[in-house]
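This is a predicted model, so every value here is computed, not measured. Here is how names work: the chains are called A, B, and so on, in the same order as the sequence lines, proteins then strands, and each is numbered from 1.
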Amino acid sequence: MNIEELSGLPPGAVDHFRGEGIEELYPPQAEAVEAGATEGENLVAAVPTASGKTMIAALSMLSAVQRGGKALYIVPLRALASEKKEEFEEYERFGVTTGVTTGNYESTSDWLATKDIVVATSEKVDSLVRNGADWLSDLTCVVSDEVHLIDDRNRGPTLEVTLAKLRQLNPRMQVVALSATVGNADEIADWLDAALVDTDWRPIDLQMGVHYGNALNFDDGSTREVPVEGSEKQEAALVRDILREGGSSLVFVNSRRNAEAAARRLGGVSKNELTAEERTELADLAEEIRDDSDTETSKDLADAVEHGSAFHHAGLSSTQRTLVEDAFRDRTLKVISATPTLAAGVNTPARRVIVRDWRRFDPSAGGMAPLDVLEVHQMMGRAGRPGLDPYGEAVLLATSHDESEELFDRYIWADPEPVRSKLAAEPALRTHVLATIASGFARTRDGLLEFLEATLYASQSSEPGRLETVTDTVLQYLESNDFIERDSGGSDSAEADDGADGAFTSAATLAESGDRDEELAATSLGHTVSRLYLDPMSAAEIVHGLADADERPTALGLYQLVSRTPDMYELYLRSGEDEQFGELFYEREAELLGDAPSEFEEERFEDWLSALKTGKLLEDWATETDEEQLTDRYEIGPGDLRGKVDTAEWLLGAAESLAAEIDSEWTVAVREARARVEHGVSEDLLELVSVGEVGRKRARRLYDAGIEEPADLRTADKGVVLTVLKGEKTAETILENAGREDPSMDGVEPKSAGRTDGDGPAIGSDDADEDAARTETGDADDSQSSLGDF
DNA sequence: ACTGATTGGGTCTAGACAGCATGTC
DNA sequence: CTAGACCCAATCAGT
């Protein structure tokens, strides 16, 4: 189908696509149009990666906008949100506006009301629903990207419930679900009352094969000689082979450490194939990576990058990740060794994809478990860059003939698994039942069950009573924790409190059924929990912890408290560390909130200790231990540290709201602990870091020079300030931010601080082991840092 | 006696969403 | 119930 034949799009859209070099629609796209994508029909498109799914979405959304509507594009990852945003922003040329909203992407709800297309993560959409964003009821089209993620144990239910809610809110809204090729696309289509486009078609040829011995055997029967030289690994031979043809490769492995080791080794291959020019580019890139942070991970990455090889996993900082991805797309980097992050993330195609490890450690399986077919297919789908490569190759590695056959059977000839709803799991329901009640989607038990009937779970379930049983368990839990109230008596609507959420009264009325049924209402606390987007179990833990505290909780106490909630991804306790942290536990037991489990309940005690470890990490961060020492001491990447700190910040923010809600007297303590994590400083610096451009390092230097609060900045000797802050420009900006009248540094001479004597007040002097490892100006006595002596 | 290779035991294992109010060295 | 790569240290072979 030629794009000229398309109708119903905004004027200028066709020209725009032609400008992008698009003349013909790909077959799946044409099929989607025939199925009514541009006429507001529901559609499920199960097609391989990179075969033009986005175009299907774009056509649907643009035609919806042209009809005067508004579209929402739901993505699974924040990184994808910004990628799509850039793509859709091009439409502004013909007057279609786009807005993005994710957790860290700033934008208020009302602002989005004016946009034609909104891009958001599924969690963000869920949150918008909970907070009753008015514009949601204006939607006429919603696109759900990577809808097969409904199968994901953790995040799938959110997507599922959110789609169900949006549909209940706007019964006539068009739903377009984009999925990888899965086993049961038809079931998803049934659930969504949608037409189905299900195809294996790809715009660029994909050959799948297995490498064994010196040969690469493809699914079409062809064979390619790829000899393994000397003691090198199979993947090294494969990388070199394709590099000589000018192609890049992507190697998927199953652990971070393997990714790093593989990158190092493959650097030995790629460095022999570089031009002088590439070498300089890579050296620059390596420099940028080193600048980003000076941790071990960065050094290793930079070293590998100099040879044209990189690793990619969640321990990288987001800057590093972007640098690596961009350089790979530009073909500066020749090979990336990655954990599965990359398969799900942004678009980084390579000529040859090598799936080296097809088993992964899975504690629930008690050992190594094979990857899902779907996952492997997603990885293999990264092979081949349309327009750049003549074809793509996806290769699995076998060390024996038997294994080679097994791989063909298991992955190459096999169909992906069906998508199964994970909604009936208790943790998922806990959250969503509360949210459904709090936002007025259901006001009775029957109404709730009726709503749940509209989910994929219900349409798949063969066990009719199950959902009801779990729902009752969950209601019981929510009630006993004071998040909801049940009233089986009268029908007079005794609203729990503030009445709330008028936005969805129509939906609520719709869902309501029968007066004699048990009435459900969220308590004020329940509303807060739902709005804060907390797992009710996290909220309960925090509430109990705060309520149990007889005296002002310490930072460590609060950090450990939030670290043991299910919303905090746990830090793994290494062998030997249980002893170390057990000791720390006895030392500081009094600070911890709530009752510690007995040491004899091994599992729960271990959890308690690993939360203590995470808490201790946060405390170290909040006593100005520098990044390198932390990543070293806890053996984590710079990205992990950032992640922990972010999560803690979020949870402590939530804890502050909860504290206020339950009238806890420790609100201030929580706020202070949160501020300390946010800036990574001890209490004494909290005032200083509130000044713009002053972070933990500068604040500490100022403090040591006798400038202890913002007011001091206004009166301090400029020479001293200049010495401490080094740059003239920064000094001026900071003085200005502090509200000094004459911030100019013209003609000011650097001058050393007057008082070199006092080290200032001791930080955390109540804990003798605590004040080590703080970043000082001189850093001279770094060696005295008491590492590992907890 | 020193060095480099080999072997064996012990250890450890992917990912990343959200509130709220503004801005690192 | 199930694995396998890596690291480090100890041992061994070769010069």
Is any side-chain heavy atom of A:Glu235 less than 4.5 Å from a side-chain heavy atom of A:Leu397?
yes
Mate of B:dG23 where both pairing distances stay under 3.5 Å, Watson-Crick or G-U
none
With no hydrogens and no angle check, is any side-chain donor or acceptor of A:Gln320 less than 3.5 Å from a backbone partner on A:Gly315?
no
Scan side-chain atoms only and decide if A:Glu403 and A:Thr399 contain a donor-acceptor pair under the 3.5 Å cut-off.
yes
Counting any heavy atom closer than 4.0 Å, what does A:Ala654 reach on the DNA or RNA strands: base, sugar-phosphate only, or nothing?
nothing
Give a yes/no on whether any side-chain N or O of A:Lys233 is located under 4.0 angstrom from OP1 or OP2 of C:dC6.
yes
Restricting to side-chain hydrogen bond (donor to acceptor under 3.5 Å, both in side chains), what partner residues turn up for A:Ser255, sequence neighbours left out?
A:Asn258
What contact category does A:Ser122 fall into here, base, sugar-phosphate, or nothing, at under 4.0 angstrom with non-hydrogen atoms?
nothing
May I ask you to evaluate whether A:Thr121 reaches the phosphate of B:dA18, defined as a side-chain N or O under 4.0 Å from OP1 or OP2?
yes
If you apply the rule side-chain contact (heavy atoms from CB on, under 4.5 Å), what do you find for A:Asn347 with A:Arg382, and how did you get there?
CA-CA 8 Å; A:Asn347 194 24; A:Arg382 295 275 139 170; 4.1 Å; yes
Counter-base of B:dA18, judged by Watson-Crick or G-U geometry with both distances under 3.5 Å
none
Considering only side-chain heavy atoms of A:Asn258, which listed nucleotide, B:dC25, B:dC17, C:dC6, is closest?
C:dC6
Distance below 4.0 Å between A:Arg356 side-chain N/O and C:dG4 OP1 or OP2
no
Mind checking what makes ring pair (Phe, Tyr, Trp, His ring centres under 6.0 Å) contact with A:His211, not counting sequence neighbours?
none
Which whole number of Å gives the distance between the P atom of C:dA5 and that of B:dA14?
15 Å
What residues 655-662 of chain A contributes to the DNA chain B interface at heavy-atom separation below 4.0 Å is none
Salt bridge check, A:Arg700 against A:Asp626: does any charged N sit closer than 4.0 Å to a carboxylate O?
no
Of the options B:dT24, C:dA3, B:dA18, whose atoms approach the side-chain atoms of A:Glu123 most closely?
B:dA18
A:Tyr533 versus A:Asp126, side-chain donor and acceptor atoms under 3.5 Å:
yes
How is the base pairing of DNA chain C summarised as a dot-bracket string, given the Watson-Crick and G-U wobble criteria with both distances under 3.5 Å, [ ] for crossing and | for another strand?
..|||||||||||||
Per-nucleotide protein contact string for nucleotides 8-14 of chain B (B base, S sugar-phosphate only, - none; heavy atom under 4.0 Å)
---SSBB
Can you see if the side chain of A:Arg531 gets near the phosphate of B:dC20 - specifically, an N or O under 4.0 Å from OP1 or OP2?
no
Tell me every residue that passes ring pair (Phe, Tyr, Trp, His ring centres under 6.0 Å) with A:Phe252, counting only those two or more places apart in sequence or in another chain.
none
Do the side-chain N and O atoms of A:Tyr634 and A:Asp620 include a donor-acceptor pair separated by under 3.5 angstrom?
yes
Contact check, side chains of A:His313 and A:Glu260, non-hydrogen atoms, under 4.5 Å
yes
Using a heavy-atom cut-off of 4.0 Å across all strands, would you classify A:Arg265 as base, sugar-phosphate, or nothing?
sugar-phosphate
